[in-house]
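Below is one structure, written out as structure tokens; the observations come after it.
Please read these numbers as outputs of a predicted model, since none were measured by experiment. Here is how names work: the chains are called A, B, and so on, in the same order as the sequence lines, proteins then strands, and each is numbered from 1.
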Amino acid sequence: MSLKKDLRLKKRAQFLNVYSKGKRFNAQYLVIYFLSGKENKLFGFTVSRKIGKAVKRNRIKRLLREIVRVNVDSFPDGVWYVFNTKKIAKNAEFKDFESDIKKFLNWLNEKNFN
RNA sequence: GAAGAAAGGCGGGUAAUCGCAAAGGUUUUAAGCCUUUGAGGAAAGUCCGAACUCCAUAGGGCAGUGCGCCGGGGAAAGCCCGGUCUCUGAAAGGAGAAGGAAAGUGCCACAGAAAAUAUACCGCCCCGAUGUUAAUCGGGGUAAGGGUGAAAAGGUGGGGUAAGAGCCCACCGCUUCGAUGGCGACAUCGGAGGCAUGGUAAACCCCGCACGGAGCAAGGCCAAAUAGGGAAGCGUACGAGGGUGGCCCGCCCCAUGCUUCCGGGUAGGCUGCUUGCGGUAUCGGGCAACCGAUAUCCCAGAGGAAUGAUUACCCGAGACAGAAUUCGGCUUACAGCCUUUCUUCCACU
RNA sequence: GUCCCCAUCGUCUAGCCCGGCCUAGGACACCGCCCUUUCACGGCGGCGACAGGGGUUCAAAUCCCCUUGGGGACG
């Protein structure tokens with residue numbers, strides 16, 4: 001894993017909490033849910049069976065984790081994040097996910113300044 | 001050299017930087033640092049078989065399911081190896097759920113005379129009657145030919161006959177008896193019979209063999225909140241109830257009372273969890289599957305789930321694909337490459 | 001992960017157990033014609049499917065095996 005275990009969402013209840021109470025950001029290949037007001041910073045990753053078989057799903061999760069690991073300091077504290085993949089992410093590359101996440105971070109910063 | 005067949009193996013490599021998981025060591029509150037290890041031949045499908053765990057002791061019967069040539073291997077298997085037979089290919093080879101249809105039952109559409117106690121549509125032949133003939137009618141013989149069908153009651157050839165027919169003969173097939181070889185399936189040879197026994201058992205079924213059920217989300221331990229009960233022992237009574245087997249018998253539990261004890265259990269956590277019918281090498285036995293001996297090694301163990309990213313170079317430019325309790329198989333997917341053996345054809349010596 | 005179930009026209013289904021009459025029936029939908037001034041209703045006709053591959057059999061939607069695609073239970 002390219003991201004420490006302490007920084008990951010683990011329980012199904014936590015995921016459901018983010019889905020139901022959190023906000024949503026649509027990018028090209030990703031849908032990012034986030035819920036603020038928490039005491040720590042956690043990340044969760046979800047890849048549907050519709051994307052492909054186990055090898056492909058694992059690869060996408062690893063790519064996402066790597067991007068988050070590199071940019072972990074750019075994410076605001078006290079927020080839980082969940083990354084979902086869209087169906088078109090089947091053929092996406094590392095750079096595609098990277099630009100999506102950069103876009104999300106810029107959007108967050110703008111909101112905070114406003 | 002070309003085309004092809006079989007068996008076995010490999011499944012990009014090297015380096016740098018940043019990272020992940022486990023184990024060990026170390027400073028030690030957390031955490032950090034160092035070292036080592038870290039997906040497959042199919043990890044897949046979940047199609048068989050086991051180990052392990054629980055269920056009521058896993059017993060008897062019925063039902064049900066699966067398997068089915070012979071010998072060997074294996075813990076077992078819808079498994080493997082060797083052989084037999086049948087089918088198939090020019091050959092090397094390949095394929096086969098391959099017992100029983102002379103125990104019984106069922107089915108065999110359409111077509112056809114007839115689909116299993118055989119029968120007779122067109123025919124062929126004989127006799128009789130009518131008739132010049134042709135032919136028609138009646139009685140009988142026959143199943144060679146035609147036609148139908150997936151399949152027509154041994155096949156081909158000859159003799160024979162009024163026409164025909166295993167009616168007779170030869171060969172082939174079949175049945176049966178014997179001999180020889182083989183552990184055996186079976187094969188070969190010889191004699192006899194004069195043909196009886198259509199197909200279908202991945203139709204019911206018969207014979208033989210095997211099978212109790214569930215599955216690591218099994219099961220065990222610790223244990224918030226909430227709710228108040230739960231467990232053990234003894235005694236009595238009843239088959240009416242309950243207990244996850246498809247059913248029956250058998251088996252186990254018990255309403256309630258008394259005594260003793262404090263535990264049961266959800267969220268959650270820990271465990272089961274990786275040393276095993278283990279791998280590798282050498283030697284020996286065996287055609288082989290496999291077995292034995294010796295030496296040596298420890299080789300993933302997660303739990304929203306670890307192997308990734310970037311860069312550089314090389315080549316033939318990298319397929320199918322990711323462990324989840326563990327093994328033995330089967331099946332399915334798979335770019336390209338290597339090794340060995342064999343078959344056929346062509347060329348040369 | 002472990003254990004199960006299902007697959008037939010565009011949609012819902014019958015046939016499968018017990019093979020042949022299946023060139024696979026019906027309803028809704030779609031298309032054309034008739035009826036009506038027109039639409040609807042009604043009538044007639046048409047289009048249209050056995051998930052894929054292999055095996056058993058004379059013959060497979062049906063029996064057997066493999067694959068593919070859906071769905072469910074167990075936290």
Taking for A:Asn58 and for A:Gly44 the nucleotide of RNA chain B with the nearest heavy atom, the one nearer the 5' end belongs to A:Gly44
The residue, A:Arg59 or A:Val82, whose nearest nucleotide of RNA chain B is more 5′ is A:Val82
Conformer about C1'-N of [N] - syn within 90° of 0, anti elsewhere:
N      : result
B:A6   : anti
B:G166 : syn
B:U84  : anti
B:C85  : anti
B:G308 : anti

Using the [atom1] atom in both, what is the distance from [N] to [M], to the nearest Å?
N      : M      : atom1 : value
B:G166 : B:G83  : P     : 45 Å
C:U68  : C:G46  : P     : 41 Å
B:A42  : B:G329 : C1'   : 13 Å
C:A51  : C:C9   : P     : 8 Å
C:C6   : C:G48  : P     : 31 Å
C:A60  : C:G75  : C1'   : 44 Å
B:U326 : C:U2   : P     : 10 Å
B:G233 : B:G64  : P     : 43 Å

Whole-Å gap separating [atom2] ([N]) and [atom1] ([X]):
X       : N      : atom1 : atom2 : value
A:Ile67 : B:A309 : CD1   : C1'   : 9 Å
A:Asn71 : B:C18  : CG    : P     : 18 Å
A:Arg69 : B:U307 : CZ    : C1'   : 14 Å
A:Lys61 : B:A305 : NZ    : P     : 7 Å
A:Phe94 : B:G308 : CZ    : P     : 14 Å
A:Lys56 : B:A319 : NZ    : C1'   : 14 Å
A:Leu63 : B:U307 : CG    : P     : 11 Å
A:Phe45 : B:A306 : CZ    : P     : 11 Å

Out of [options], which nucleotide sits closest to the side chain of [X]?
X       : options                : result
A:Ala54 : B:A309, B:A323, B:A321 : B:A323
A:Val55 : B:G308, B:G304, B:A321 : B:A321
A:Phe15 : B:G19, B:G304, B:A323  : B:G304

Please report the closest heavy-atom contact between [X] and [Y], naming both atoms and the distance.
X        : Y       : answer
A:Phe34  : A:Arg24 : CE2-N, 4.3 Å
A:Asp100 : A:Tyr29 : OD2-N, 2.7 Å
A:Lys86  : A:Gln28 : CD-O, 3.6 Å
A:Val82  : A:Asn84 : CG1-OD1, 3.6 Å
A:Leu35  : A:Asn17 : CD2-O, 4.0 Å

Check whether A:Val55 and A:Leu64 end up in the same hydrophobic cluster, where Ile, Leu, Val, Met, Phe, Trp and Tyr are linked by side-chain heavy atoms less than 4.5 Å apart. no
Separation between CH2 (A:Trp107) and CD1 (A:Ile32), nearest 0.5 Å, reads 9.5 Å
(Q) With a 4.0 Å cutoff (strictly under), does any side-chain N or O of A:Arg62 reach OP1 or OP2 of B:U307? (A) yes
Using purine N1 to pyrimidine N3 plus N6-O4 or O6-N4 for Watson-Crick, or N1-O2 and O6-N3 for G-U wobble, both under 3.5 Å, which nucleotide pairs with [N]?
N      : value
B:U26  : B:G32
B:G138 : B:C127
B:A43  : none
B:U53  : B:A214
B:A240 : none
B:G208 : B:C67
B:A21  : B:U37
B:U86  : B:A95

Fill in: Under-4.0 Å salt bridge between A:Glu98 and A:Lys95
no
A correct dot-bracket answer for RNA chain C, with pairs being Watson-Crick or G-U at under 3.5 Å, [ ] for crossing pairs and | for inter-strand pairs, is (((((((..((((......[....)))).(((((.......)))))....(((((..]....)))))))))))).
task: Mind telling me whether A:Phe104 and A:Phe25 have parallel, tilted or perpendicular rings, with 30° and 60° as the class edges?
output: tilted
* For A:Asp73, does its backbone N or O pair with a side-chain atom of A:Lys41 as donor and acceptor, under 3.5 Å? -> no
